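Report on the following structure.
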Amino acid sequence: MRILGINALFHDPAAALLIDGRTVAAAEEERFSRRKHGKRPVPFAAWEMPEKAAAWCLTRAGLRPQDLDAVTYSYDPRLARPAQDMGLDDPWDHLRQTYAREAPGFLRAALPGLDPGIVRFVPHHMAHAASGAFAAPDAGDSSVLVLDGRGERASHLAARRVGDRLEPLYAQDLPHSLGLVYEELTEHLGFLRSSDEFKVMALASHGTPRMLSELRRHVQPTGDGGFRATNVPWHELCPPRGPDEPWTREHADVAASAQAVLEETLLDLVRWLHGRAHDSTLTLAGGVALNCVANSRIADEGPFSRVWVQPAAGDAGTALGGALLLAAVGGEEPEPMPGADLGRDWSDAELGAWLKTAGVPFERPADIAATVARSLADNDIVAWFQGRSEYGPRALGHRSLLAHPGHAGNLERLNDVKGREQFRPVAPMVLADRAGQIFDGPLPSPYMLFVHDVAPEWRERIPAVVHVDGTARIQTVDAAREPLVARVLSAFEELTGLPVVVNTSLNTAGRPMVDDPRDALECFGSSSVDLLAIGPYAVRRQGLFGSGDEGAAR
């Protein structure tokens, strides 16, 4: 079957294409529209479809809308209840439900030629669950846990994969929601709700959980697979922070307390699920699964021997999950996702044409990996644009900013380049076969979804990637899977003795990750990046803006 998966209702609109159970393409609309998260998760935007991402997925496979056998939409309005009946303060949610019911018509308008009769509604959390259970490599019979802000009428799902079936075990009804509680705190701390929750996680490392006892009164597991999480009096715990105001110790402490109660509750849910299912593998999905600190506690203290997290764990991943679930229901055996690099790419000739059209001086060195390693060793910041773009919020060596980890000042320098808060950490990339010598935690970690303790003897050697609490959110690189990135790491180690390179996303604050060559050139031209490595080509800031020869491209 040729199945197009769509996520559209709340935020992170995305599309994914499966052909005979194999993932062919997946992309988020924000990478095309250049609107962060695609849209805000408000009822008035619920009608918007990921039309550019969907059209690209079809083009990638050489298909037309009329060639599809099915389209999945990762929300089933037939399961929803009125917002007020679920205890939610969302007076316009009825408009969201109307738009959801009309999704087949909106999809037909976005993809001319599509038969709206082939659109299938997939329950939101089942789509999340399938994005973990069926996308994980070698999962087999396994457990899956989903947590986010909300779906149709729940905020959580515990389930099992048995063969090619998903069996729900427990769902937590709204208004109780760990995701919504964390969103409320995000807003209280002056960040953008449903967008900046990762900033709260980073801020938590700067505080102590001294408000944990108070928070436990409002957020706690119930012991039966569910939890209570609602009506947290944030104003009583600390004063709100304005978006442009500095954060205080109180703000960091309340973030640390919220992070701690989240982790405690998740561990209880994981233990309950293991007691019911007795599986060895757990897969995680839903926006809460992007909390890499909590993921690490689950892996370290939980009862499962293996934990796998969907790299597009947020709502974007439900586009893939919905398609995987329908393929399984239809009798096809879904293949695990081949990696997160499921988006757009360009040939060397196409990239060269972009650079010539832009009129920028560039060179084609004999080995772009060696050139980048030398530049990094010289303490340059490198914009790295290679291969297919990533699906999900993490830069994983395809759309990245790279830097030298041995200079502590590079953390501040990168945060200045990106225009973001100085408490935000950056991540290390390391070859998978070297990671265990430096980092202690779940390995391998190819999707940057866990935190690891940095060995004491390495903390002073790679200070730029060591967070204030002595941890790092690492990405391990498999040389067979990512040979070009592996060559950069190997060449950099030969020059510096360090097997680690700083990796953070290729974007600036508030903007989506760079996706196409125009985005890369705009980001390079507007920020203090020293070298753009785009395919086999190198564009140097000195050549572009310096006093040297700026003649024709070589």
Side-chain angles (χ1 to χ4, degrees), residues 147-149 177-220 227 229 232-243 245-269 284 286-302 309 313-314 393-394 411 415 420-427 441-442 448-454 465-474 504 509:
L147 292 120
D148 63 2
S177 170
L178 294 170
L180 290 181
V181 164
Y182 216 88
E183 286 183 17
E184 291 166 2
L185 177 58
T186 300
E187 186 173 43
H188 185 74
L189 293 178
F191 304 121
L192 182 61
R193 180 173 182 155
S194 299
S195 175
D196 292 346
E197 283 69 28
F198 59 93
K199 296 183 182 181
V200 177
M201 182 184 69
L203 184 60
S205 298
H206 293 262
T208 57
R210 60 184 177 84
M211 306 169 193
L212 180 56
S213 295
E214 174 63 23
L215 275 176
R216 285 174 177 153
R217 295 170 53 194
H218 305 279
V219 180
Q220 77 278 140
F227 54 87
V232 178
W234 298 115
H235 284 77
E236 297 177 13
L237 297 175
C238 77
R241 171 187 168 270
E245 295 176 355
W247 59 272
T248 67
R249 170 61 63 179
E250 282 184 289
H251 296 132
D253 287 351
V254 76
S257 303
Q259 178 68 30
V261 79
L262 172 71
E263 293 168 18
E264 288 182 353
T265 306
L266 291 177
L267 278 169
D268 186 271
L269 299 178
L284 297 172
V288 176
L290 292 172
N291 191 304
C292 55
V293 178
N295 294 345
S296 294
R297 281 200 68 184
I298 290 171
D300 183 45
E301 301 177 35
V309 186
R394 303 283 192 251
L411 172 59
N415 281 332
R420 67 184 197 177
E421 300 87 354
Q422 286 299 336
F423 64 80
R424 301 270 298 279
V426 292
M448 211 183 289
L449 287 165
F450 298 92
V451 295
H452 298 69
D453 290 322
V454 183
V465 297
V466 182
H467 200 23
V468 65
D469 58 0
T471 65
R473 187 187 68 196
I474 79 169
T504 188

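All values reported here derive from a predicted model rather than from experimental measurement.
The distance between the ring centers of H188 and H235 falls below 6.0 angstrom.
Annotation: side chain to side chain donor-acceptor pair (under 3.5 Å) contacts of D268 (sequence neighbours excluded): none. Residues passing the salt bridge (Lys or Arg N to Asp or Glu O under 4.0 Å) test with E250: none are found, sequence neighbours excluded. A search for ring pair (Phe, Tyr, Trp, His ring centres under 6.0 Å) contacts involving F227 returns H156, not counting sequence neighbours. By the side chain to side chain contact (heavy atoms under 4.5 Å, CB included) test, V454 is found to be paired with F439, W458, R459, I462, V466, A472, residues two or more places apart in sequence or in another chain being considered. Take R297 and apply the side chain to side chain contact (heavy atoms under 4.5 Å, CB included) test, not counting sequence neighbours, and it matches E263, L267, E301. Remark: R193 pairs with E183, E187 by the side chain to side chain donor-acceptor pair (under 3.5 Å) rule, at least two apart or across chains.
Judged by distance alone, with hydrogens and angles left aside, the side-chain atoms of S177 form a donor-acceptor pair with the main-chain N or O of G149 at under 3.5 Å.
The two residues N291 and A294 come nearest to each other via the heavy atoms OD1-N, 3.0 Å. Listed here is the closest heavy atom pair of F423 and H467: O-CE1, 3.7 Å. Of all heavy-atom pairs spanning L449 and A289, the tightest one is CD2-O, 4.4 Å. Minimum interatomic distance between R216 and V261 (heavy atoms only, all atoms of both residues): CG-CG2, 4.2 Å. For the residue pair A229 and L178, the shortest heavy atom distance occurs at CB-CD2, 4.0 Å. Of all non-hydrogen atoms in L411 and Q422, the two that sit nearest each other are O-OE1, 4.3 Å.
For the pair R424 and F198, the cation-pi criterion (under 6.0 Å, within 45° of the ring axis) is not fulfilled.
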side-chain contact (heavy atoms from CB on, under 4.5 Å) for W247 and K199? Distances and angles first, verdict last. CA-CA 12 Å; W247 59 272; K199 296 183 182 181; over 6 Å; no
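Atoms CG and CG, on L290 and L147 in that order, are 12.0 Å from each other to the nearest 0.5 Å.
Between V232 and the choices V219, V254, L185, the side chain to side chain contact (heavy atoms under 4.5 Å, CB included) rule is met once, by V219.
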